[in-house]
Amino acid sequence: MLKARTQEVPDISKDRCPECGSDSLIEDYELGEVVCSNCGLVVKVNALDNGPEWRAFSAEERDSRSRVGVPLSFSIHDKGLSTVIEQVNKDALGRELPLHTRIEMLRLRKWQIRSRIHSSMERNLSQAMAEIDRLSDKVHVPASIKEEAALVYRKALERGLVRGRSITAIAAASLYAACRLTETPRTLKEIAGVCLAKEKDVARCYRLLVKELELKMPIADPVRCVPKIASRLQISEKIQQMAVEILHECQKRKIASGKDPMGLASAAIYIALCLESEKRTQKEIAKVAGVTEVTIRNRYNGLREALGLEV
DNA sequence: TAAGATAAGAGGGACAT
DNA sequence: ATGTCAGTCTTATCTTA
C-alpha cells in the first residue's frame, strides 16, 4: 500500500565526493552539512530523517487530524467514477425514508464530500512533494530544507494560493522560500533553472508566498555567497577572508541594500583577488556566480569608491 | 583578450492618483 | 486599480589598453 520512497544516501565511506570524485570535503560550520568544496555538492546532511518521504512532513501535522489520511490509495481507488449520494429522501421504490435513515444519509453525504476535498488536496500534495523532492535533489539542499519547503507549500495549499497557478511554480517558490528562510545560499535562478516553470513565474509565486503567508525573511547576506563562489573557482581561504571583510565594510557604510548579494560577493572577491594580484577575469567570476560582468563592474566601482580603494 | 563604457529593455517596488 | 518614477540587472555593441 504505502510504498516508501527511500532517499538516496550517497556513499561517503571513502570520503570522496560522489559527484566529482574530489576528496576535498569540508564541514559547513552552520548547516551541519558536509560539502564538497570542489563542486558544491552537499554530500552528507546531519538530518534525523532519512526515512520514507511521507514521514518527513509529519512534524507540522502532528496535531492535525488530516495526517491520518491514507496518502495514495485514497486518491487512486476512485478515479472520479464513484457513487454519489444524492439528496433524495426516498428509497429505490420511491417510498419515504424514516427520519433516522435520512439523518444517516445526510451524514454519509457530508463525509463523502469531505473526503473528496481531502483527496484532491492529497493528490495535489503528493504531486507537489514529488516535485519538491526532485528540485531539492537537483540543487543539493539538505532534507531539513526540503521539509521547510514542504511546510511552506502546505500552508500555501491550505490558503488556496495554489489554485489557478502551476504546482511546479509554487513548489519551486516554496523551496526558494525555504532556502531564504534558512539563509541557505541558493539563487532563484538556480532553482528555476531545474524546474519547468519560468523564472519569472517562480519569482512571482515566491513574492506571493512571502506576502500571503507573512513570511519573515532574513535579509540576504552576501557574505554567505562568498564560499559558494570561491569553492567553484578554487579560491584560497585568505582571499575569501578578505572578500568577507570588504563586504562587512560595505555593509557598515550602507551601500549594500537593494543590490544582488551574488553581485556584491562577486565584486568583493574580484577586488580581493586584485589586491593579492591573483588574476581572475570578471568573466570567470560572473559565470560561476550567475550574474553578468556588467553587474560585477558596477558593484566593483561602487565598492571601490565607497571604500576608497585604488585597485 | 580583458575590461570599461554606453544604451536599450525588462521587471518590480514605492508612491500617488 | 492604474500609472509614473527611480533604481537594478541584463543583453548587446563598441572602444580602449
Side-chain angles (χ1 to χ4, degrees), chain A residues 139 152 156 160-161 163-166 168-170 172-181 185-226 228-230 232-236 239 242-243 246-247 249-311:
Chain A
V139 296
V152 171
L161 303 179
R163 187 161 236 183
R165 297 184 177 83
S166 86
T168 354
I170 301 277
S174 302
L175 181 61
Y176 179 61
C179 290
R180 291 292 295 266
L181 285 169
R186 295 288 182 284
T187 61
L188 182 63
K189 192 186 284 185
E190 285 176 280
I191 294 175
V194 292
C195 86
L196 293 172
K198 277 175 279 183
E199 184 180 343
K200 202 169 61 169
D201 295 325
V202 178
R204 229 198 295 275
C205 291
Y206 166 69
R207 278 191 302 276
L208 182 83
L209 294 181
V210 172
K211 200 165 150 200
E212 294 296 321
L213 304 180
E214 287 159 28
L215 303 173
K216 303 164 293 299
M217 292 295 172
I219 4 122
D221 187 359
V223 170
R224 283 184 160 269
C225 301
V226 170
K228 189 168 171 163
I229 301 169
R232 291 181 186 171
L233 287 176
Q234 313 262 23
I235 284 169
S236 72
I239 304 278
M242 285 176 67
I246 291 169
L247 288 174
E249 195 55 41
C250 93
Q251 279 168 339
K252 251 188 247 165
R253 307 194 186 190
K254 315 241 185 260
I255 50 168
S257 66
K259 312 283 200 299
D260 180 356
M262 273 300 200
L264 281 165
S266 307
I269 288 177
Y270 181 69
I271 291 176
L273 284 165
C274 289
L275 288 173
E276 287 295 298
S277 313
E278 256 190 63
K279 254 335 200 188
R280 296 297 183 91
T281 63
Q282 294 177 356
K283 196 179 191 170
E284 255 184 296
I285 302 175
K287 197 173 154 205
V288 299
V291 297
T292 62
E293 298 162 69
V294 180
T295 302
I296 293 186
R297 281 200 275 277
N298 290 340
R299 294 293 83 78
Y300 166 62
N301 288 328
L303 289 180
R304 220 171 32 170
E305 200 171 309
L307 305 179
L309 296 168
E310 66 285 340
V311 186

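Each chain gets a letter, A, B and so on, in the order the sequences are listed, and its residues count up from 1.
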Q: Rounded to the Å, how far apart are Arg297(A) CZ and dT16(C) P?
A: 15 Å
Q: Return the nearest nucleotide to the side chain of Tyr300(A); candidates are dG4(B), dG12(B), dT10(C).
A: dG4(B)
Q: In whole Å, what is the span from the NZ atom of Lys259(A) to the C1' atom of dG13(B)?
A: 15 Å
Q: Measure the distance from CG on Asn298(A) to C1' on dG4(B) and round it to the nearest whole Å.
A: 10 Å
Q: Nearest-Å distance, CG (Asp201(A)) to C1' (dG12(B))?
A: 14 Å
Q: From C-beta outward on Tyr270(A), which listed nucleotide comes closest to its side chain: dA3(B), dG12(B), dT6(B)?
A: dA3(B)
Q: Can you tell which of dT6(B), dA2(B), dG12(B) lies closest to the side chain of Arg207(A)?
A: dG12(B)
Q: Can you tell me the distance, in whole Å, between the CD atom of Glu293(A) and the C1' atom of dA7(B)?
A: 17 Å
Q: Hey, is the side chain of Thr295(A) poking within less than 4.0 Å of OP1 or OP2 on dT8(C), counting only N and O atoms?
A: no
Q: Looking at Lys200(A), I'd like to know whether one of its side-chain N or O atoms comes within less than 4.0 Å of OP1 or OP2 on dA10(B).
A: no
Q: Indicate, with a heavy-atom threshold strictly under 4.0 Å, whether Thr292(A) touches base, sugar-phosphate, or nothing.
A: base
Q: To the side chain of Asn301(A), which of dA5(B), dT8(C), dG12(B) is closest?
A: dA5(B)
Q: Using heavy atoms to find the nearest nucleotide of DNA chain B for Lys279(A) and Val294(A) separately, return the residue whose nucleotide is more 5′.
A: Lys279(A)
Q: Round to the nearest Å and state the distance from Lys211(A) atom NZ to dA14(B) atom C1'.
A: 13 Å
Q: Can you tell me if Thr295(A) uses its side chain to pair, donor with acceptor, with the backbone of Val291(A) under 3.5 Å?
A: no
Q: In terms of side-chain heavy atoms of Arg204(A), which of dC9(C), dG12(B), dA12(C) is nearest?
A: dG12(B)
Q: Looking at Tyr300(A), is Arg304(A) sitting on its ring face, NZ or CZ under 6.0 Å from the six-membered ring centre and within 45 degrees of the normal?
A: yes
Q: Using atom NZ of Lys283(A) as one end and atom P of dT11(C) as the other, report the distance to the nearest whole Å.
A: 13 Å
Q: Among Leu264(A), Val226(A), Leu247(A), which one satisfies side-chain contact (heavy atoms from CB on, under 4.5 Å) with Ile269(A)?
A: Val226(A)
Q: Show your reasoning for whether salt bridge (charged side-chain N to carboxylate O under 4.0 Å, His left out) applies to Glu190(A) and Lys228(A).
A: CA-CA 13 Å; Glu190(A) 285 176 280; Lys228(A) 189 168 171 163; 2.7 Å; yes
Q: Figure out the CD1/C1' separation between Ile296(A) and dC9(C), and round it to whole Å.
A: 12 Å
Q: For Arg253(A), is the CZ atom crowded, meaning more than 12 foreign heavy atoms sit under 6.0 Å from it?
A: yes
